[in-house]
Amino acid sequence: MFGRNSLRRGIVIGAALLLVSGVTASQTFVITSNFDADTPGSPPATGRPDEPSGVINGGVLVQTDSNGISTQPLEVDDGSCNQGYFGGVYYTLPTPVTAGGLRIEATVAVNQLTDGVIFDTWISFMSTSVVRLRIIDDGTIADQFGTVVSSYAANTPLRFRADIDMASAAWACTIDDELNGFSDDPVVSGLPFVNPPSIISQIDTVYLGIFGSFNACSGSRVVAYDDVTIFDFPPIFTDGFESGNTDAWTLTLP
């Protein structure tokens, strides 16, 4: 039999799903970034709303197509399978996320099985990572601590979604490997932050690129990105659900 707390938790979980899917009025920003207005063969435009805030290192160019993405993606090429390579683009959030949550989505494809970080979030003033996603040379996709969330293949686009919850200091990852939407894909939740939650005060930067490597690979590693979406979402409640007081909840269900 369900107890009072179980019912309350069920309502909270349902409300959270509605909140993230629908986006509420207290949301402060939405970034929808593609590279359609850029010139193929050139670096992406930066600095304006819905554009990357900047480029990290060389080998970051917009291309007509890359690795199976044919919608003029951004291409990040490390040039020589450089094990210390750190390159791509970053998005400085208009408002640092200190409460509630953050969703990041992007379509991504790689030219070969390799090992490296393809997505990272940071507290820039501390140079501290919050969550990150890795590709591994055995064809799996995992969080920083090796929890496998899905698989990938060379030259086969997929779309990843990361939902980061500041209150629980955890995140969830979903991989749409058929590019048909996330509804039929498993959600791997409860993934921990890279660094201790006690030092995580906010997220202010999102990185997309290829960062580091821990194996040999064949020639240049090339990662392509397109259709980036980043938005924040507010906390559902401010006092915690265990009190039973719903007066301070920012979202209630009928």
Side-chain angles (χ1 to χ4, degrees), residues 33-35 38 40-44 46 51-92 104-122 124 127-162 173 175-177 194 203 205-230:
S33 182
N34 61 44
F35 310 97
D38 292 308
S42 298
T46 60
E51 293 176 348
S53 302
V55 173
I56 310 162
N57 288 332
V60 182
L61 303 173
V62 175
Q63 301 291 0
T64 302
D65 56 75
S66 180
N67 301 347
I69 302 177
S70 58
T71 53
Q72 193 160 304
L74 179 75
E75 185 180 88
V76 183
D77 186 342
D78 78 349
S80 60
C81 191
N82 184 342
Q83 292 195 5
Y85 182 79
F86 184 92
V89 294
Y90 64 93
Y91 294 82
T92 300
I104 301 104
E105 291 184 7
T107 301
V108 59
V110 299
N111 69 330
Q112 62 178 293
L113 300 187
T114 186
D115 189 294
V117 175
I118 59 170
F119 150 69
D120 207 343
T121 58
W122 276 67
S124 61
S127 298
T128 299
S129 181
V130 183
V131 307
R132 60 170 57 130
L133 193 63
R134 307 188 67 90
I135 53 173
I136 302 173
D137 61 352
D138 63 1
T140 57
I141 304 171
D143 78 342
Q144 175 66 13
F145 302 102
T147 298
V148 173
V149 299
S150 191
S151 59
Y152 74 101
N155 300 308
T156 304
L158 54 82
R159 189 163 181 83
F160 79 79
R161 170 186 286 176
C173 187
I175 304 292
D176 174 17
D177 55 6
V194 173
I203 300 172
T205 310
V206 173
Y207 289 97
L208 298 175
I210 183 71
F211 312 127
S213 178
F214 302 94
N215 70 336
C217 50
S218 176
S220 298
R221 292 175 301 163
V222 179
V223 185
Y225 293 92
D226 206 0
D227 298 322
V228 181
T229 301
I230 304 170

Close side-chain approach of [X] to [Y], heavy-atom, < 4.5 Å:
{"X": "V76", "Y": "V222", "answer": "no"}
{"X": "T64", "Y": "P40", "answer": "yes"}
{"X": "P73", "Y": "F35", "answer": "no"}
{"X": "Y91", "Y": "P52", "answer": "yes"}
{"X": "R159", "Y": "T229", "answer": "yes"}
{"X": "I135", "Y": "D115", "answer": "no"}
{"X": "V228", "Y": "V89", "answer": "no"}
{"X": "V148", "Y": "I141", "answer": "no"}

Whether [X] side chain and [Y] backbone form a donor-acceptor pair below 3.5 Å:
{"X": "S53", "Y": "T92", "result": "yes"}
{"X": "D65", "Y": "I69", "result": "no"}
{"X": "T156", "Y": "A154", "result": "yes"}
{"X": "N57", "Y": "G88", "result": "no"}
{"X": "S220", "Y": "G79", "result": "yes"}
{"X": "Q72", "Y": "D38", "result": "yes"}

Rounded to the nearest 0.5 Å, what's the gap from [atom1] on [X] to [atom2] on [Y]? Could you check?
{"X": "N111", "Y": "S218", "atom1": "CG", "atom2": "OG", "result": "8.5 Å"}
{"X": "L61", "Y": "S42", "atom1": "CG", "atom2": "OG", "result": "7.5 Å"}
{"X": "D143", "Y": "L133", "atom1": "CG", "atom2": "CG", "result": "8.0 Å"}
{"X": "L74", "Y": "D227", "atom1": "CG", "atom2": "CG", "result": "12.0 Å"}
{"X": "L113", "Y": "D138", "atom1": "CG", "atom2": "CG", "result": "8.0 Å"}
{"X": "T128", "Y": "I203", "atom1": "OG1", "atom2": "CD1", "result": "12.0 Å"}

Exercise. Does the side-chain hydrogen bond (donor to acceptor under 3.5 Å, both in side chains) test come out yes or no for S66 and E75, once each step is laid out?
Worked result: CA-CA 7 Å; S66 180; E75 185 180 88; 2.6 Å; yes

Problem set entry | Criterion ring-ring contact (aromatic ring centres under 6.0 Å, His included) on F160 and F119, from CA distance to verdict | CA-CA 10 Å; F160 79 79; F119 150 69; 5.0 Å; yes

Closest contact, heavy atoms only, [X] versus [Y]:
{"X": "Q112", "Y": "C217", "answer": "OE1-CB, 3.3 Å"}
{"X": "V223", "Y": "Y225", "answer": "CG1-CE1, 3.4 Å"}
{"X": "I136", "Y": "A142", "answer": "CD1-CB, 3.8 Å"}

For this session: Apply salt bridge (Lys or Arg N to Asp or Glu O under 4.0 Å) to D78 and list each qualifying residue two or more places apart in sequence or on a separate chain.
Result: R221

Problem set entry | Any residue meeting salt bridge (Lys or Arg N to Asp or Glu O under 4.0 Å) with D176, in chain and number order, not counting sequence neighbours | none

Problem set entry | CA sep, side-chain torsions, deciding dist, call: V55, T46, side-chain contact (heavy atoms from CB on, under 4.5 Å) | CA-CA 8 Å; V55 173; T46 60; 4.0 Å; yes

Problem set entry | Donor-acceptor pair between S129 and D120 side chains, under 3.5 angstrom | yes

Exercise. Relative to the ring of Y207, is the ring of Y90 parallel (under 30°), tilted (30 to 60°) or perpendicular (over 60°)?
Worked result: tilted

For this session: Verify side-chain hydrogen bond (donor to acceptor under 3.5 Å, both in side chains) between T107 and D226, making sure each step is shown before the conclusion.
Result: CA-CA 5 Å; T107 301; D226 206 0; over 6 Å; no

Seminar exercise, completed: Paired with Y152, the side chain to side chain contact (heavy atoms under 4.5 Å, CB included) test is passed by just one of I118, V110, I175, namely V110

